[in-house]
Amino acid sequence: MSVNYYLVDSSILPEVYTKVIKAKNLLLSEEAKSVSEAVRIAGISRSAYYKYKDCIFEYNAQGEKTATINARLEDNVGVLSSVMNELYLFGANILSVNQSEPVNSIASVSITVRMPESESQSEDIIEKISSLKGVKSADLAEDR
C-alpha cells in the first residue's frame, strides 16, 4: 500500500485535526502531563486523538531555509564549540550535528541548520567559520 502526503491549508480541514495538533503540542511542551489532560484541554475525545495522532503533523514553513555545513575540524578542545557559537551569533537554529571519529587528528562534521533569510549572511557564516582557529575547511550545502 502506497502512502500519499498532501500539504493542506488548515482552514479547510475539520476542526478535530487542529485539535489533535493542539493536543500533541501540549504533550510535547509538557504543558499537559498525560493524553487525558491534553485532549481535555484541546476539546476532543481520547478516541479522536488516537485515531488521528499518527497521521496528522504540523508543518512550520517559517520562511527560513535549511542548510548543511560540512566542515573539517582539528581534534582540539573547543573547536566545535566555537563553530556552534558563531552559528548562534548569526541567528542560525541548529537542527542536527553529526561528527565522525577523528582521523589524523581531523574530524568531519556535518551541521544542519535553519538559516535566517539573508543570502549574504550564508556566505558570511561560512567565511567566519572558515577563519576560526582549528577549522581546516567549511562549505555550505543549501537544502531548501
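Owing to the predicted nature of the structure, the values given are computational and were not obtained by experimental measurement.
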Any sub-3.5 Å donor-acceptor pair from S131's side-chain atoms to K128's backbone N or O? yes
Is any side-chain heavy atom of I126 closer than 4.5 Å to one of I69? yes
If you apply the rule side chain to side chain contact (heavy atoms under 4.5 Å, CB included), what do you find for V79 with L132, and how did you get there? CA-CA 8 Å; V79 176; L132 294 172; over 6 Å; no
Table please: side-chain donor-acceptor pairs of residues 46-53 below 3.5 Å, with sequence neighbours left out.
{"residue": "R46", "atom": "NH1", "partner": "S36", "partner atom": "OG", "Å": "2.9"}
{"residue": "S47", "atom": "OG", "partner": "S45", "partner atom": "OG", "Å": "3.1"}

Any chance you could measure L80, atom CG, to N85, atom CG, to the nearest 0.5 Å? 11.5 Å
Can you tell me how far CG of N76 sits from OG of S105, rounded to the nearest 0.5 angstrom? 7.5 Å
One should read off an interatomic distance between L27 CG and K33 NZ, to the nearest 0.5 angstrom, of 10.0 Å
Rounded to the nearest 0.5 Å, what's the gap from CG on D139 to OG1 on T68? Could you check? 10.0 Å
I would like to know whether I125 and E86 meet side chain to side chain contact (heavy atoms under 4.5 Å, CB included); could you show each step before the answer? CA-CA 7 Å; I125 289 172; E86 286 304 322; over 6 Å; no
Would you kindly confirm whether I12 and I56 end up in one hydrophobic cluster when ILVMFWY residues are joined by side chain heavy atoms under 4.5 Å apart? yes
Check: S100 side chain, S108 main-chain N or O, donor-acceptor pair, under 3.5 Å: yes
Are any of the side-chain heavy atoms of V109 and V83 separated by less than 4.5 Å? no
Do the side chains of I21 and I41 join up, straight or via other hydrophobic residues, at under 4.5 Å, putting them in one cluster? no
Locate the shortest heavy-atom distance separating V113 from A92; write the atom from each residue and the value. CB-CB, 4.1 Å
Output the distance between atom CD1 (I111) and atom CE (M84), rounded to the nearest 0.5 Å. 4.5 Å
dist K19:NZ -> L13:CG (nearest 0.5 Å) comes out at 14.0 Å
Can Y6 be reached from Y17 by stepping across I, L, V, M, F, W or Y side chains whose heavy atoms are under 4.5 Å apart? yes
Between A38 and A23, the two heavy atoms sitting closest are CB-O, 3.7 Å
Counting only heavy atoms not in F57, do more than 12 sit closer than 6.0 Å to its CZ atom? yes
With sequence neighbours excluded, what pairs up with K136 under the side chain to side chain contact (heavy atoms under 4.5 Å, CB included) test? R72, E74, I106
Flag if over 12 foreign heavy atoms under 6.0 Å of CG, N104: no
For a quick test of reading the model, state the closest non-hydrogen atom pair linking L26 to A42 and the distance between them. CD1-N, 4.4 Å
State, with a plain yes or no, whether a side-chain heavy atom of L87 is found less than 4.5 Å away from one of I129. yes
